[in-house]
Novice: 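Quick one: structure below, then a few questions.
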Amino acid sequence: MPSQWRLSPEARESVRVRTALHRSHEKANAMSQHELLEAWVNDVATMCQPEQVVWCNGSEPEYATMLRLMVQAGTALWLDQGKRPNSVLVRSDPGDVARVEEFTFICSRSKDDAGPTNNWRDPADMKRTLTPLFSGAMKGRTMYVIPYSMGPIGSPIAKIGIEITDSPYVVANMHVMARVGSRVLETLGAAGEFVKGLHSVGAPLEANAPDSPWPCNPKNKYICHFPETREIWSYGSGYGGNALLGKKCHALRIASVQARDEGWLAEHMLILGLTNPEGRKIFVAAAFPSACGKTNLAMMNPTLPGWKIETVGDDIAWMKFGADGRLYAINPEAGFFGVAPGTSLKSNPNAMRAAEANSIFTNCAVTPDGDVWWEEMTETPPLELVDWLRRPWTPKATRKAAHPNARFTTPARQCPVISPDWEKPGGVPISAVLFGGRRAGVVPLVNEATSWRQGTFLGSIMSSETTAAAAGKVGNLRHDPFAMLPFCGYHMGDYFAHWLAVGAKTDAAKLPKVFYVNWFRKDDDGRFLWPGYGENSRVLKWIFERVAGTGKAVDTPIGRLPAPGAIDLSGLRIQDAQMAELLRVDVEGWIAELPAIRKHYERFGSKLPRGLRDELGALEQRLQAAAVGAGGH
Ligand code: OXD
Ligand code: MN
């Protein structure tokens, strides 16, 4: 038992908050027994020169202190405690509102390991760039050391990381998004492995200089990953995926490399439990690009009577084989960092209820009576607001009141439909994997792959319109394989090969069935053909039945589509023609996409697995045959 665990609770508390001026090289406190961890923290403190070092214990008082510090600094505003108890609104710098893919780097030793979809820099070169930036970066600030576990503490699938940061916003968000504090250090012990995450907003404070409400670095932003040494160095941004290092940086970019090395999968996927009226439950994992409805699907209220959905996770799934040869998934996160605009009692009542209290809202508008508001939260907007840029706003304004990438950070346990299994250490068995994107045309409502290999192929050619989750233009169609384009920590061609290899590790019958869905198909007038939201339960029902072996399907050139009448449309007013269009295999449209798919594949050169090249060839042949059969060219 390490000595600090024998202290009285009061003494332990004082040890936890005890800080030390690093200049004297006095140890910040005695919390950790892990010499390598202590040495790393000391090295970082020497480099960053913070005013003080605080090891985070993960307690409620610590969380409350972070909120108070943010309010004092003008970073946050208390919301009305009657309307949103224990919740704050944070407004960021207008230049720091989303992930910055352009400044996100994979610093593997070999450029070839980062592949064509990542920005690459040599690790030593990148450290040479970053070290001067980090030197003195925390002057005048507190350096927080956050031990965190991605996944339930002690789960055999979970992984530990330590994030060092100078941002109380990051500390508070990490409290919600991960399991943090002393419990994690206890599990780490004296020699446990951990991912080293170093984050600074990159805004040292000179003595007596006023702080900005959202310190960040307007000139330099670097989100860097060192996969071989399991390190993350993030500089200059305080926002979401750039700064909460447990999330995208660790749980996807670094974890995808760990998963490749260890034979499992780290994916940008929600996880849900789906129960039929007879009480039989399956679990489904689904990959959609950022801001394409993962949170809505994960907590949807089915419109089909008797069907139930329970949430396990809304953004990330780690899947490992169980002793029975099936894939089991955990949600490595403990909270939701959900996109606020578009979320309403209509579109996602369970997210709205989850965020009623104990939440951090970022870049939303605020009402005169101290509540948050964002576009589409209510049918009619309030008559006056203060927008996310702190300016007065009325419904006449042509600009948005909330930033399109405004977010809520909310504990997962507050979700009314959280699954009783969401913290099961061994995870939940996955029966179906879904891929999907925002596609106005060509891609049908649902399509089942005939094999794991074809499923991998469909994942690899996923494309979607870009959203506000990342800086840059919105609405551009881009290939986003497996929704992992911004998150794969190594060569995407090797990642495809890894998916194929995972499929070969067990009996085909034990693998999840793979489906490709598209809720976003539009008619010629630009209107959505499918009502979406709770009505997606009709598609999930068909998927459930396919897993159970009862759902009817027809073979088509692109995969298996629902047989006529196989999607339960009872109680839904939808025209036959609309449904036919949703399930139409647009042979011409697919043929027209082939050159873009081929170009997409060319990027991976010799790393493109043979199996996927063969899938593409076979698809082309089937499409050509169908076109000829239909009297086309
Ligand atoms: C997210 C994202 O924040 O994908 O989940 O951008
Ligand atoms: Mn995401």
Side-chain angles (χ1 to χ4, degrees), residues 90 92 96-104 117 150 169-170 173-174 176-178 221 223 225 232 234 237-256 265-272 285-299 311-318 329 331-343 348 351 354-355 359-364 374 402-410 412 434-438 459 462 464-474 478 480-489:
V90 171
S92 79
D96 195 19
V97 293
R99 286 184 290 98
V100 284
E101 292 178 10
E102 205 187 328
F103 306 115
T104 299
T117 58
M150 297 314 289
Y169 174 79
V170 167
N173 275 271
M174 286 293 286
V176 180
M177 297 304 298
K221 289 190 175 44
I223 322 298
H225 308 74
I232 304 155
S234 167
S237 165
Y239 194 84
N242 302 326
L244 314 179
L245 302 187
K247 192 174 177 61
K248 302 302 183 181
C249 301
H250 178 164
L252 287 175
R253 298 197 189 95
I254 296 290
S256 61
L265 295 168
E267 300 299 326
H268 193 203
M269 289 181 179
L270 66 90
I271 310 163
L272 60 83
F288 298 87
S290 308
C292 287
K294 279 198 297 300
T295 307
N296 290 348
L297 186 64
M299 22 186 116
T311 314
V312 177
D314 81 328
D315 196 43
I316 301 177
W318 285 358
N331 169 11
E333 300 189 281
F336 307 123
F337 184 64
V339 177
T343 308
N348 192 340
S359 295
I360 301 166
F361 296 89
T362 306
N363 289 341
C364 303
W374 50 74
H403 186 275
N405 192 33
R407 299 280 179 144
F408 53 85
T409 314
T410 290
L434 275 49
F435 297 122
R438 255 173 214 276
M462 260 173 76
S464 189
E465 294 156 20
T466 49
T467 68
K473 202 168 172 319
V474 168
R478 71 171 183 184
D480 186 351
F482 295 77
M484 284 288 279
L485 182 71
F487 306 123
C488 184

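We count residues from 1, following the sequence as given. Indexing begins at 1, ligand by ligand and atom by atom, following the structure's order. Heavy atoms only: backbone and side chains are in, while hydrogens, waters and symmetry mates are out.
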Novice: Which heavy atom of Arg438 sits nearest a heavy atom of Ala291, and at what distance?
Specialist: NH2-O, 3.0 Å
Novice: Looking at ligand 1, is there an atom of it that comes within less than 4.0 Å of some heavy atom belonging to Lys294?
Specialist: no
Novice: Taking side-chain contact (heavy atoms from CB on, under 4.5 Å) as the definition, give me every residue that meets it alongside Ala340, ordered by chain and number, with sequence neighbours left out.
Specialist: Cys364, Trp374, Ala406, Phe408
Novice: Can you list the ligand 1 atoms lying under 4.0 Å from a non-hydrogen atom of His268?
Specialist: 4 (O)
Novice: Assess the side chains of Tyr169 and Thr362: does a donor N or O sit below 3.5 Å from an acceptor N or O?
Specialist: yes
Novice: Can you pull out the closest protein heavy atom to atom 4 (O) of ligand 1? Residue, atom name and distance to 0.1 Å, please.
Specialist: Ser290 OG, 2.5 Å
Novice: With 2.8 Å as the limit, count the protein N, O or S atoms near the Mn ion (ligand 2).
Specialist: 3
Novice: Of the protein's non-hydrogen atoms, which lies at the shortest distance from atom 5 (O) of ligand 1, and what is that distance?
Specialist: Lys248 NZ, 3.0 Å
Novice: Quick one about Asn363 and Ser92 (side-chain donor to acceptor, distance below 3.5 Å, no hydrogens or angles considered), yes or no?
Specialist: yes
Novice: Please write down residue, atom name and distance for the protein heavy atom closest to atom 6 (O) of ligand 1.
Specialist: Arg99 NE, 2.8 Å
Novice: State, to 0.1 Å, how close Asp314 and Gly335 come at their nearest heavy-atom pair, and which atoms those are.
Specialist: OD1-O, 4.4 Å
Novice: With a heavy-atom distance limit of 4.0 Å, tell me whether Phe288 approaches ligand 1 through its side chain, its backbone, both, or neither.
Specialist: neither
Novice: Which residue owns the protein heavy atom closest to atom 3 (O) of ligand 1, what's the atom, and how far is it?
Specialist: Arg407 NH1, 3.0 Å
Novice: With no hydrogens and no angle check, just 3.5 Å: does a side-chain donor-acceptor pair link Asp96 and Ser237?
Specialist: yes
Novice: For the residue pair Thr409 / Asn173, report whether a side-chain donor-acceptor contact shorter than 3.5 Å exists.
Specialist: yes
Novice: Taking 4.0 angstrom as the limit and counting only heavy atoms of Asp315, give me the atoms of ligand 1 inside it, by number and element.
Specialist: 5 (O)
Novice: Under a plain distance cut-off of 3.5 Å, with no hydrogens placed, do Thr104 and Arg253 share a side-chain donor-acceptor pair?
Specialist: no
Novice: If you draw the axis of the six-membered ring of Phe288, does the NZ or CZ of Lys294 fall within 45° of it and under 6.0 Å from the ring centre?
Specialist: no
Novice: Relative to the ring of His250, is the ring of Trp318 parallel (under 30°), tilted (30 to 60°) or perpendicular (over 60°)?
Specialist: tilted
